[in-house]
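Everything below concerns the one structure shown next.
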Protein chains: 2
Amino acid sequence: MADSSKLIALDWGTSSLRAYRLGHGGAVLDKRALPWGIMNLPVVEASAAGSQAGFEQAFSEACGDWLRDVPDTPVMAAGMVGSAQGWREAAYLDVPLRVADIGAGLTTVPTRSGAVLHIVPGLIERGALPNVMRGEETQVVGALEDGADDELLIGLPGTHSKWVHIAGERFMHFDTFMTGEAYAALSSHTILGRTMQRGANFNPQAFERGVRVATDSAGINGVLSTIFSTRTLGLTGALDGAAQADYLSGLLIGHEIAALRGSRATARLADDPRIVLIGDGKLCERYHRALAIYGYTNVGVSAQATERGLWKIAVQAGLVRQD
Amino acid sequence: MADSSKLIALDWGTSSLRAYRLGHGGAVLDKRALPWGIMNLPVVEASAAGSQAGFEQAFSEACGDWLRDVPDTPVMAAGMVGSAQGWREAAYLDVPLRVADIGAGLTTVPTRSGAVLHIVPGLIERGALPNVMRGEETQVVGALEDGADDELLIGLPGTHSKWVHIAGERFMHFDTFMTGEAYAALSSHTILGRTMQRGANFNPQAFERGVRVATDSAGINGVLSTIFSTRTLGLTGALDGAAQADYLSGLLIGHEIAALRGSRATARLADDPRIVLIGDGKLCERYHRALAIYGYTNVGVSAQATERGLWKIAVQAGLVRQD
C-alpha cells in the first residue's frame with residue numbers, strides 16, 4: 001500500500017513539536033504541528049499525573065491515531081526531547097564522528113501506548129569551550145546528499161546558529177553563535193531598541209550596511225562595541241529608526257560570518273567552500289546575502305532536512321528499509 | 001566664610017540625579033542623591049504642568065534651598081540632562097578636542113528660580129561608526145591631574161563602558177563597549193540565565209577563567225560564540241551554576257579588553273600605558289583584575305571624578321575662581 005506508514009518522525013524541540021508520518025522511501029504522507037515543546041507541555045489532570053504524563057499526553061496527540069492505524073510503525077524523535085530536561089536524556093556522541101554512526105546511538109523510551117520512542121543523540125565537541133547540539137545533527141544528516149560532496153560547510157542559522165564542517169562523511173567540527181538570541185535580547189532589552197521602529201519591511205541596504213561593519217577596520221573592536229553604532233548612527237541622522245533593526249541584524253550576522261571565516265572550521269576548507277543553509281527561509285535569505293558580501297558564492301539551501309534526516313537515521317538504525 | 005557655596009554641581013543622568021554643594025577650591029560641603037533621572041522625573045500637577053515642569057521640580061528639590069541660602073551661586077550640570085530627551089540639548093563637541101575647551105561650550109537654561117543652569121556639552125567622534133558620550137567627559141576632566149601625565153588611557157566601566165585616550169591635554173579618541181548592558185540582557189533574557197544561581201559571592205576564579213577566554217585561540221570566534229560556553233561548561237559539569245554569572249562577566253570584560261588592546265586608542269600608546277579607572281568600586285575592581293591578566297600593570301582608580309570635573313569645567317568657564 002503506497003500510503004502505508006513506515007516511520008513516525010518527531011521534531012521535538014523546546015517550544016514546539018512537529019510530527020511527520022513517512023511512507024515508502026521517506027515520502028511525507030502527513031504532518032502536523034503542535035505547541036507542545038518540552039518547556040510547554042500539556043497540563044495533565046492530577047489523577048493521571050506522573051513525571052512523564054505531559055510527555056505521554058503530547059506524544060499521544062502527536063501520533064496516537066497514526067499508531068492505532070498502523071500499530072507497529074517505528075517512532076523516532078530528534079531535538080531537546082533528548083536533553084536533561086526532556087523525556088529521557090540521550091547521551092551526546094563525540095565529534096569527530098562518522099555520519100553513519102548516529103543511528104547506532106539511539107536511546108529508547110517505552111511509551112504508555114506500547115510503542116517505543118527512539119531518540120536521536122545530540123553531538124558534543126569537547127575542549128576548552130565545549131560545543132553541543134540537539135536536533136541540528138539530524139538536519140545535517142538530512143541535508144547531506146549521499147556521495148555528492150566530500151567536504152562542505154553546513155549553516156543552521158537561528159536562535160543559536162550552528163556551523164558544521166563535514167568532510168569524508170564525518171562530522172569534523174562545529175561552532176555555535178548565539179546570534180539570534182543575542183539579537184532578540186539586544187533589540188528588546190537594551191537602549192538599542194528604544195529608537196527602533198518595528199514592523200517595517202526588510203531593508204536590504206540597512207542590513208548590508210550592518211554586514212559590512214565587520215569586514216573592515218571599523219569592526220575591529222568587536223561586537224560589544226560596534227552594536228553601539230545602531231544608536232549613534234541614529235543620533236547623527238545617518239540611520240532612520242525604521243532601518244535600525246535590519247542594521248543591527250546585519251551587524252551581528254556579519255560578525256558571525258567574519259568569525260567563521262577565521263575559525264578552525266573554515267581554516268581547513270577551500271577559500272570558497274560549498275555551503276548549505278538549513279532553516280527558516282527568510283533567515284536563510286539574510287545569511288545568503290551576508291555570505292555573498294564575504295565572498296562566498298557557492299551557497300545553497302536545503303529543504304525538509306529534519307524529516308529527511310530522521311528517515312535516514314532510522315535507515316541507519318535498521319528501523320526501516322531505505323527502499 | 002569657609003563653608004560658603006561657590007558652585008552647585010549636578011550629575012544628572014538617565015536614572016538618577018546627584019547634587020553637590022561645593023565650596024572654596026571645590027571642596028564638597030554637602031551632597032544629596034535623588035531618583036529624578038531624566039527618564040524618571042517627578043510627576044507635577046496638571047495646573048503647574050509644562051513640558052519642563054518635571055525638570056523644574058527636580059531642580060528645585062535638588063538645590064532650591066541651597067540657592068535660597070546663597071542666591072547667586074552658579075549651577076552646572078553634566079550628563080543626559082543635555083541630551084535630546086533632556087532639559088535642553090547641549091550640542092556635542094567634536095573629538096579631538098583640547099580638555100581646556102570644554103568650558104567654552106556650555107549651554108544655558110534659565111530656570112523658574114531665576115538661577116541659570118549651565119549644561120556641559122557631550123563629546124562626539126565622527127566617522128563610519130560615530131561615538132558619543134555625555135557625562136563621562138566631565139568625569140575624565142575630574143580624573144586628570146594637571147600636568148601629571150602627558151598620555152594616559154581612562155576607562156569608565158559600566159552600562160556603556162568608555163575608554164578615552166588622552167594625550168597632550170587633548171581628548172584624542174574614545175571607544176564605547178556596551179558590556180554592562182549586554183551582560184544584563186544576556187543574563188536576564190537568554191538561555192544563559194536559566195542555569196545561573198544568583199546572589200552568590202564574587203567568585204574570582206570563575207571571573208578570571210572567563211577573562212582568559214579572549215586571551216587565546218579559544219576566543220577567536222568572538223563573543224557571540226564564546227558566551228555559549230557559559231551553558232556548555234555547565235552542561236559538562238565544568239562550571240557550577242553559582243559560578244556562571246561571574247564567568248560570563250569575565251568573558252565579556254575580557255573580550256572588551258582584548259578588543260581595546262587591538263584598537264586605535266591603544267595602538268598609539270605604550271605597551272603598558274598608565275590607566276585610570278573611574279566608576280563603581282566593585283566594578284573597577286573587576287576591571288583591575290582583568291587588566292592585570294592582559295598585562296596592564298599601571299592601573300589606578302580615580303575617586304570623586306564627577307564633582308571634581310564639574311568644578312574644573314566651571315573654572316574653565318569663568319563661573320568660579322580656582323582658589
Side-chain angles (χ1 to χ4, degrees), chain A residues 14 83-85 92 124-132 159-161 163 175-179 181-192 194 212-214 216-229 231-233 235-236 238 252-253 255-256 258-260 262-265, chain B residues 14 83-85 92 124-132 159-161 163 175-179 181-192 194 212-214 216-229 231-233 235-236 238 252-253 255-256 258-260 262-265:
Chain A
T14 300
S83 69
Q85 293 77 40
Y92 292 111
I124 187 166
E125 186 168 343
R126 301 180 195 277
L129 307 184
N131 250 310
V132 294
T159 305
H160 299 170
S161 291
W163 287 92
D175 290 304
T176 304
F177 296 86
M178 287 182 60
T179 308
E181 199 169 18
Y183 173 78
L186 291 169
S187 58
S188 299
H189 299 287
T190 75
I191 198 171
L192 302 183
R194 282 208 210 135
R212 287 195 180 88
V213 167
D216 66 22
S217 65
I220 60 168
N221 274 359
V223 74
L224 290 173
S225 180
T226 60
I227 52 175
F228 191 56
S229 65
R231 175 168 175 75
T232 59
L233 289 169
L235 282 173
T236 57
L252 296 180
I253 291 172
H255 276 289
E256 174 182 339
L260 184 76
S263 79
R264 282 203 285 151
Chain B
T14 300
S83 69
Q85 294 77 39
Y92 292 112
I124 188 165
E125 186 168 346
R126 300 181 196 276
L129 307 183
N131 250 309
V132 295
T159 305
H160 299 170
S161 291
W163 287 92
D175 292 304
T176 304
F177 296 85
M178 287 182 60
T179 309
E181 200 169 18
Y183 173 80
L186 291 170
S187 58
S188 297
H189 300 286
T190 74
I191 198 172
L192 302 183
R194 282 208 211 134
R212 286 195 181 88
V213 167
D216 65 24
S217 64
I220 60 166
N221 274 359
V223 73
L224 290 172
S225 180
T226 60
I227 51 176
F228 192 56
S229 66
R231 175 167 177 77
T232 58
L233 288 169
L235 282 173
T236 56
L252 295 179
I253 291 172
H255 276 288
E256 175 182 339
L260 184 76
S263 80
R264 285 202 285 151

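Note on naming: letters A, B, ... go to the chains in the order of the sequence lines (proteins, then strands), and numbering restarts at 1 for each one.
With a 4.5 Å cut-off on non-hydrogen atoms, B:L235 touches chain A through its side chain but not through its backbone. Only the side chain of A:R194 comes within less than 4.5 Å of a heavy atom in chain B; its backbone stays farther off. Interface remark: A:I124 contributes side-chain atoms only to the contact with chain B (heavy atom separation under 4.5 Å). Of the atoms belonging to A:T190, heavy atoms from both backbone and side chain fall under 4.5 Å from chain B.
Taking all atoms of both residues into account, the shortest heavy-atom contact from A:E181 to B:I191 is OE2-N, 2.8 Å. Here the closest heavy-atom approach between residue B:N131 and residue A:F228 is recorded as OD1-CD2, 3.7 Å.
Side-chain N or O atoms of A:T232 include none that pairs as donor or acceptor with a backbone N or O of B:V132 at under 3.5 Å. In this structure, B:T176 contributes its side chain and A:S225 its backbone to no donor-acceptor pair below 3.5 Å.
The aromatic rings of A:H189 and B:H189 lie parallel to each other, with less than 30° between the two planes, well short of the 60° mark.
Here the straight-line distance linking atom CD1 of B:I220 with atom CG of A:D175 works out to 8.0 Å at 0.5 Å rounding.
At a threshold of 4.5 Å between non-hydrogen side-chain atoms, the residues B:V223 and A:H255 do not count as touching.
Per-residue heavy-atom pair counts under 4.5 Å with chain B were compared for A:S229, A:A185, A:P130, and the maximum is reached by A:P130. Chain A forms more heavy-atom pairs under 4.5 Å with one residue of B:A218, B:G222, B:A238, B:A258 than with any other, namely B:A218. Of all the listed residues (A:L186, A:T179, A:D216, A:I227), the one sharing the greatest number of non-hydrogen pairs under 4.5 Å with chain B is A:I227.
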